[in-house]
Novice: 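Here's a structure for you.
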Amino acid sequence: MPDAPREPSPARRAKTGEKSGPQRALEKLGLRRDIDLALHLPLRYEDETRVTAIADAPDGEPVQVEGIVRECRIELRSRRQLLVRIEDDSDDLLLRFLNFYPSHQKTLAVGARVRVRGEAHAGFFGREMVHPQFKAVDENSPLATALTPVYPTSAQLPQAYLRKVVAAALRRAALDEVLPPGTVPTGLPSLREALHSLHHPPAGAAMSVLEDRSRPAWQRLKFEELLAQQLSQLASQRERARLRAPLLRAETGGLHERLLAALPFQLTAAQRRVAEEIASDLMRPPEAGATGDGAVPMHRLLQGDVGSGKTVVAALAATVAIDSGWQCALMAPTELLAEQHFRKLVQWLEPLGVGIAWLTGSRKGRGRRQMVERVASGEAGLVVGTQAVIQEDVHFAKLGLAIIDEQHRFGVAQRLELRRKLAPTDTTSLRPALEPHLLMMSATPIPRTLAMTYFADLDVSTIDELPPGRTPIVTKVFADNRRDQVIARIADEVGRGRQVYWVCPLIDESETLDLQNATEAHAQLSAALPGHAVGLLHGRMRPADKATVMAQFISGELKLLVATTVIEVGVDVPNASLMVIEHAERFGLSQLHQLRGRVGRGAVASVCVLLYQGPLSATGKDRLRAMAETNDGFEIARRDLEIRGPGEFMGARQSGDALLRFADLDDDAPLLQQARSLAPELLSKHAVAARAHVARWLDTRADFLKA
């Protein structure tokens, strides 16, 4: 049998530049700098400052005892185990190890003095500890003078090693004050004092005090973290204001007015308001005294609840760009959503003479080459598609406006790549190249506290009004054992000529399981509804097949569509009046709200049924209760933020980077307001200190906050 691979020797690693297993594990946790380690705070603490007599050790509570080993033997029962008996002047105690190594037996040899930490319980052979921590000591071994920290770690990073490197980093890290005097809220300790008290709290400190995040040491860290984030966002906003974008102006009698006249519906007051905000942004001149021609680049988020009419606002923005002689690109995260936009935009804009190109991953060969040529020549004023729009072979003649729909679905890292791809590449001119205006759209409304932090560098437009004629959606929550009643209701709806969605979940990100669920549901519902066509739509179908199924459902040929979450956004079938979401407990709150928005798009009363399998977790109950209680997307977003934190709104799941580690957007709103007020003054009057503060706290993560 070949030898197992061995960890390279320290000498070989030094020679080759390789990193040890623990070093690689540290980097995986994002612990690259001394300050990163200093800010890696304990999850909890162990009290190794005192030794308790074995007889006084309470049952079921962590305790440290010390004694002499009187017995050490291996016993073969149902499984091999190491049994060690220690004693002190008061009593004896059995230590039981179900997993052990020769080093255990060496340290726990008969006659050795050991210090042991664990929870004592009554056992068959007297009181015992199972798998306690232990170390060899002598009679004069000193006790710890502070509580012992227990850090978040991984299997490749032993706790003892992590404690050593954190302690060393705390000694080396540059923790001197960088903020000017008078800027830190009164009553808070220095950063050095705060970190020392959190890593090494004094002996006897009560756990209730240690867990209290409102104490001054925690408040100092939270304030610093929020301030770094606000400074980063504000610096990004000011940096962008120095760049230049094309000046785009809607001409009297031009494409913008012609589209408004041709639309088969009237805009709501909210749609008109946000369209004017965007149009004003596209021609915003630089501040007095600023250099460079053109406009200040727009960096705006258009948010609106499901069905509020964001696409027509995007179309109006596109007409302003095209009327001014520039191109517009609209990108969506999925082909289905991109196609829904494409259908509407073709219907509205092609009759007005606008050339529209369609680019997705499924478009290959000659058809793709023709589209790419139309984009490069400028023949296509509007380009619609997925990330294929920004692939290497796609070159715009004059890109003036980029629109990213469902921006959080791209993930932070992907959005950064999109911005890099859309950066100006003109190196032939001595004049600085103009960069495109950027409009991001989201049907997931951003709660106010989130807008003040992660979206602080954005201008936000909100469509807070639904088009007339929409009926409220009634949401009902049923256990899975009522499935037959739900299917009977589907038969009634189909019998009245209505259409129905049945949504199956994606389990553990597995397309295979996702496909199995949808297929099984499709077979069951097809059998339950003889004489009615039942469609099936899932992510593993070929794009042409997906398009065929959707076209059949939109035309009414299919009465029931069994689908996965590919129909989450963009699908608009006014005749659909019932949606059933299977295993609703597996979906996030915002995703449930997005799915629910596929019904209620016509004048007919609509129902959304949430089928769940028990038992429900507390989080699952909160989600389903919120769905049943409100249709308001802003309230849904607020509750989702409470339940899941900011990651889903930001696309943090894809980036892998933590967002706020210490501050809480709700609990720490006063600190956020202080940081928000201080940031402009610091950036203007103490720029060096501001840069040092951001570098200390954010390092490369500052880029993620700008995405």
Side-chain angles (χ1 to χ4, degrees), residues 245-267 271-272 274-283 295 298 300 302 309-332 335-360 363 367-391 394-405 422 434-441 547 554 570 572:
L247 193 94
L248 308 178
R249 193 189 309 276
E251 300 296 333
T252 303
L255 195 56
H256 185 271
E257 290 187 3
R258 287 162 55 208
L259 174 58
L260 282 172
L263 288 172
F265 52 84
Q266 293 292 316
L267 297 187
Q271 285 172 320
R272 286 196 301 273
V274 300
E276 288 168 5
E277 289 171 353
I278 293 166
S280 175
D281 257 10
L282 294 175
M283 59 178 189
M298 176 174 71
R300 184 170 286 274
L302 171 61
K310 295 179 293 297
T311 305
V312 71
V313 174
L316 288 166
T319 61
V320 176
I322 296 166
D323 231 2
S324 301
W326 292 79
Q327 291 170 295
C328 174
L330 190 155
M331 291 170 286
E335 194 155 322
L336 190 63
L337 176 55
E339 186 173 356
Q340 295 297 318
H341 284 310
F342 181 69
R343 288 176 184 274
K344 287 183 179 178
L345 293 166
V346 164
Q347 180 185 344
W348 295 335
L349 296 175
E350 270 199 345
L352 303 179
V354 175
I356 304 177
W358 167 242
L359 282 173
T360 63
R363 170 152 273 189
R368 176 181 172 81
R369 285 196 301 274
Q370 288 176 338
M371 288 295 172
V372 169
E373 288 168 5
R374 293 185 67 203
V375 175
S377 68
E379 181 186 344
L382 176 61
V383 185
V384 182
T386 57
Q387 288 184 64
V389 167
I390 45 92
Q391 287 179 353
V394 180
H395 302 284
F396 290 86
K398 289 181 71 176
L399 181 61
L401 171 64
I403 302 174
I404 303 177
D405 193 18
L422 291 171
L434 299 176
E435 71 163 37
H437 295 277
L438 183 61
L439 176 65
M440 295 181 281
M441 302 198 297
I554 290 168
D572 189 358

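Please read these numbers as outputs of a predicted model, since none were measured by experiment. Residue numbers run from 1 in the order of the sequence given.
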Novice: With sequence neighbours excluded, tell me which residues meet side chain to side chain contact (heavy atoms under 4.5 Å, CB included) with A295.
Specialist: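 L247, H437.
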
Novice: Answer yes or no: does atom CD of E257 have more than 12 heavy-atom neighbours from other residues, nucleotides or ligands under 6.0 Å?
Specialist: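 Counting neighbours around CD of E257, more than 12 heavy atoms of other residues, nucleotides or ligands fall under 6.0 Å, so yes.
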
Novice: Taking the side chain from R272 and the backbone from L267, do they hold a donor-acceptor pair closer than 3.5 Å?
Specialist: yes

Novice: Using distance only, find each side-chain donor-acceptor pair of residues 309-331 under 3.5 Å and give its atom names and separation, not counting sequence neighbours.
Specialist:
from: K310; atom 1: NZ; to: G304; atom 2: O; distance (Å): 3.3
from: T311; atom 1: OG1; to: H341; atom 2: ND1; distance (Å): 3.3
from: T319; atom 1: OG1; to: L316; atom 2: O; distance (Å): 2.5
from: D323; atom 1: OD2; to: L255; atom 2: N; distance (Å): 2.7
from: S324; atom 1: OG; to: R249; atom 2: N; distance (Å): 3.0
from: S324; atom 1: OG; to: R249; atom 2: O; distance (Å): 3.2
from: S324; atom 1: OG; to: V320; atom 2: O; distance (Å): 2.9
from: Q327; atom 1: OE1; to: A397; atom 2: N; distance (Å): 2.8
from: Q327; atom 1: OE1; to: K398; atom 2: N; distance (Å): 2.8
from: Q327; atom 1: NE2; to: V375; atom 2: O; distance (Å): 3.0
from: Q327; atom 1: NE2; to: A380; atom 2: O; distance (Å): 2.9

Novice: If I take atom CE from residue M298 and atom CE from residue M440, how far apart are they, to the nearest 0.5 angstrom?
Specialist: 9.5 Å

Novice: For R343 and E339: C-alpha separation, side-chain torsions, deciding distance, then whether salt bridge (Lys or Arg N to Asp or Glu O under 4.0 Å) applies.
Specialist: CA-CA 6 Å; R343 288 176 184 274; E339 186 173 356; 3.1 Å; yes

Novice: Taking C-beta and beyond as the side chain, do R368 and M371 meet within less than 4.5 Å on heavy atoms?
Specialist: no

Novice: Over all heavy atoms of both residues, which pair between R258 and L352 is shortest? Give the atoms and the distance, please.
Specialist: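 R258 and L352 have their closest heavy atoms at NH2-O, 3.0 Å.
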
Novice: How many angstroms lie between atom CG of L260 and atom CD of Q266, to the nearest 0.5 angstrom?
Specialist: 9.0 Å

Novice: Which heavy atom in V394 sits nearest to a heavy atom in V372, and how many Å separate them?
Specialist: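 Minimum heavy-atom contact is CG2-CG2, 4.3 Å.
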
Novice: Where is the tightest heavy-atom contact between T360 and T386, given as atom of each residue plus distance?
Specialist: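 For T360 versus T386, the nearest heavy atoms are CA-OG1, 3.6 Å.
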
Novice: Heavy atoms only: give me the nearest L248-G400 pair and the separation to one decimal.
Specialist: CD1-O, 4.0 Å

Novice: Within this structure, what is the CG-CG distance for the pair L345 and L382, rounded to the nearest 0.5 Å?
Specialist: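 Result: 5.5 Å between the selected atoms.
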
Novice: Can you name the residues that form a ring pair (Phe, Tyr, Trp, His ring centres under 6.0 Å) with W358, not counting sequence neighbours?
Specialist: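 So W358 forms a ring pair (Phe, Tyr, Trp, His ring centres under 6.0 Å) with F342.
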
Novice: Working to the nearest 0.5 angstrom, can you tell me the gap between I278 CD1 and L439 CG?
Specialist: 4.5 Å

